[in-house]
A.B. asks: 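Structure below; questions to follow.
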There are 2 protein chains.
Amino acid sequence: MSHMVYGCLMAVDRDHVLRSAAALLTRKSTATMDEVAKAAGISRATLHRHFAGRDALVLALEALCIAECETALDAARLDDGPAHDAVRRLVREIEPAAGLLAFLYTESQLFEGDAQNKGWTRIDDRVAALFRRGQAAGEFRIDLTPAWLTEALYGLLASGAWAVSEGRVAGKDFTHMIAELLLGGAVRREES
Amino acid sequence: MSHMVYGCLMAVDRDHVLRSAAALLTRKSTATMDEVAKAAGISRATLHRHFAGRDALVLALEALCIAECETALDAARLDDGPAHDAVRRLVREIEPAAGLLAFLYTESQLFEGDAQNKGWTRIDDRVAALFRRGQAAGEFRIDLTPAWLTEALYGLLASGAWAVSEGRVAGKDFTHMIAELLLGGAVRREES
DNA sequence: ACCATATGAGACATCTTTGTCTCAGCGCGG
DNA sequence: CCGCGCTGAGACAAAGATGTCTCATATGGT
């Protein structure tokens, strides 16, 4: 039956296409629909059957990224324990999405009236709430606003993903470098 | 005489065009040559007379950005005094170029065999040397590599410029937020 | 006043990407 | 074995950006 085929084949294809596109666009943000199709191992016609156009593809990538980020937010259990540990868990969990996040971070400035805006602000709010919780608990300094710490986290994730893909830093250090810089900064400290 | 006209008018025009283009492309990185021309208040034909094409324009913007960064590096006197003060001076001096830096940071990944590559690596080296000096002096922690600290600085400058242009953080806090996060991190400290 | 030069406006061809369409092939279930 | 549906390949027009060209105009120096 058609809907069974749709459920079995098309779904996995769609997901595979999305992940291929994410991997490609992470490296080459100006990749053509044709390049995206080739990267996924399908023809441009089939790509067009799944995603009406480039906008629809980017929109689907946004939805995927939002979903993965929310999964990471859930897995990081932001409300549990010290906020700085929650930040470390968050960075660790969100690492797989960092590349896609970096792509969308620069791409979606075009779509000001973004259809996925609600999804992004929901994520922003959860992250900002974590920093706010840390400030309220006296863990985090209060001269850096939660909004800025959230932006900085995105920026560091993007820089980190890019630096790793360029071979400037080792992939295994990704989590440590981002979390430690965001939390502790560059200055050496006496206390443990 | 023609060379006098060239020296008086064309030079200032070229600089004005470059700065207009920088301001526009900072906000809309996919702006058309026509939009760039209109933003500079000139026609597309004149823009083409000054810059052979879009590549030439971006190349000139790179040269401008490199020059401004090096001026900032000089003004920050990276070799004087404590490294953390030098970092603060650097962030303050380089702030005007942050927007353009953010644009080129994402744009120039296309030009892998970049003609300006030498200029960028020269800047990278000077910044990395500053972090290395701070590490050698015991000011900075050594588990974060100079290369990563350099990348992180770029990422924070880009995030900061973008966040300011989006109105998410106040422009007057730009220097403080970037320098303090980079140096001290989010975690509150007991010592002074 | 005259002339050189830069400019603005616009036409024009070209290139790239995109979106749509058709058609033939193939797998898979009935 | 047959037919349905998905796919790949390719043709096609449309749209957008780019680069080049011409020509009329204005500006500025001589």
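Within every chain, numbering begins at 1; the chains are lettered A, B, ... in the order of the sequence lines, protein sequences first and strands thereafter. The figures here come from the full heavy-atom set of this structure, side chains too, leaving out hydrogens, waters and symmetry mates.
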A.B. asks: Just the rounded figure in Å: distance from C1' of D:dT25 to CD1 of B:Ile42.
C.D. replies: 17 Å
A.B. asks: For the pair made of NE2 in A:His16 and C1' in D:dT7, what is the distance, rounded to whole Å?
C.D. replies: 15 Å
A.B. asks: Please lay out, stage by stage, how B:Arg126 and B:Asp74 fare under the test salt bridge (charged side-chain N to carboxylate O under 4.0 Å, His left out).
C.D. replies: CA-CA 10 Å; B:Arg126 290 180 68 179; B:Asp74 292 337; 2.8 Å; yes
A.B. asks: May I have the distance from A:His50 (atom NE2) to D:dG5 (atom C1'), rounded to whole angstrom?
C.D. replies: 13 Å
A.B. asks: Donor-acceptor check, side chain of A:Arg168 to backbone of A:Val164, threshold 3.5 angstrom: yes or no?
C.D. replies: no
A.B. asks: Nearest-Å distance, CG (B:Leu57) to C1' (D:dA17)?
C.D. replies: 14 Å
A.B. asks: Can you measure B:Leu47 atom CG to C:dA6 atom P for me and round it to whole angstrom units?
C.D. replies: 16 Å
A.B. asks: Kindly say if A:Thr46 contacts the phosphate of D:dT7, meaning a side-chain N or O under 4.0 Å from OP1 or OP2.
C.D. replies: no
A.B. asks: What I want to check is whether the side chains of B:Trp120 and B:Glu62 have a donor and an acceptor closer together than 3.5 Å.
C.D. replies: yes
A.B. asks: Taking A:Leu153 as the fixed residue, which of A:Leu130, A:Val127, A:Val87 is the one that meets the side-chain contact (heavy atoms from CB on, under 4.5 Å) rule?
C.D. replies: A:Val127
A.B. asks: For B:Thr175, enumerate each residue passing the side-chain hydrogen bond (donor to acceptor under 3.5 Å, both in side chains) test, keeping only those at least two apart in sequence or located in another chain.
C.D. replies: B:Glu95
A.B. asks: Do any N or O atoms from the side chain of B:Arg141 and from the backbone of A:Arg188 form a donor-acceptor pair under 3.5 angstrom?
C.D. replies: no
A.B. asks: Strictly under 4.0 angstrom, non-hydrogen atoms only: write out the protein contact profile of nucleotides 11-23 of chain C, one letter per nucleotide from the 5' end, B, S or -.
C.D. replies: B-----SBBB-B-
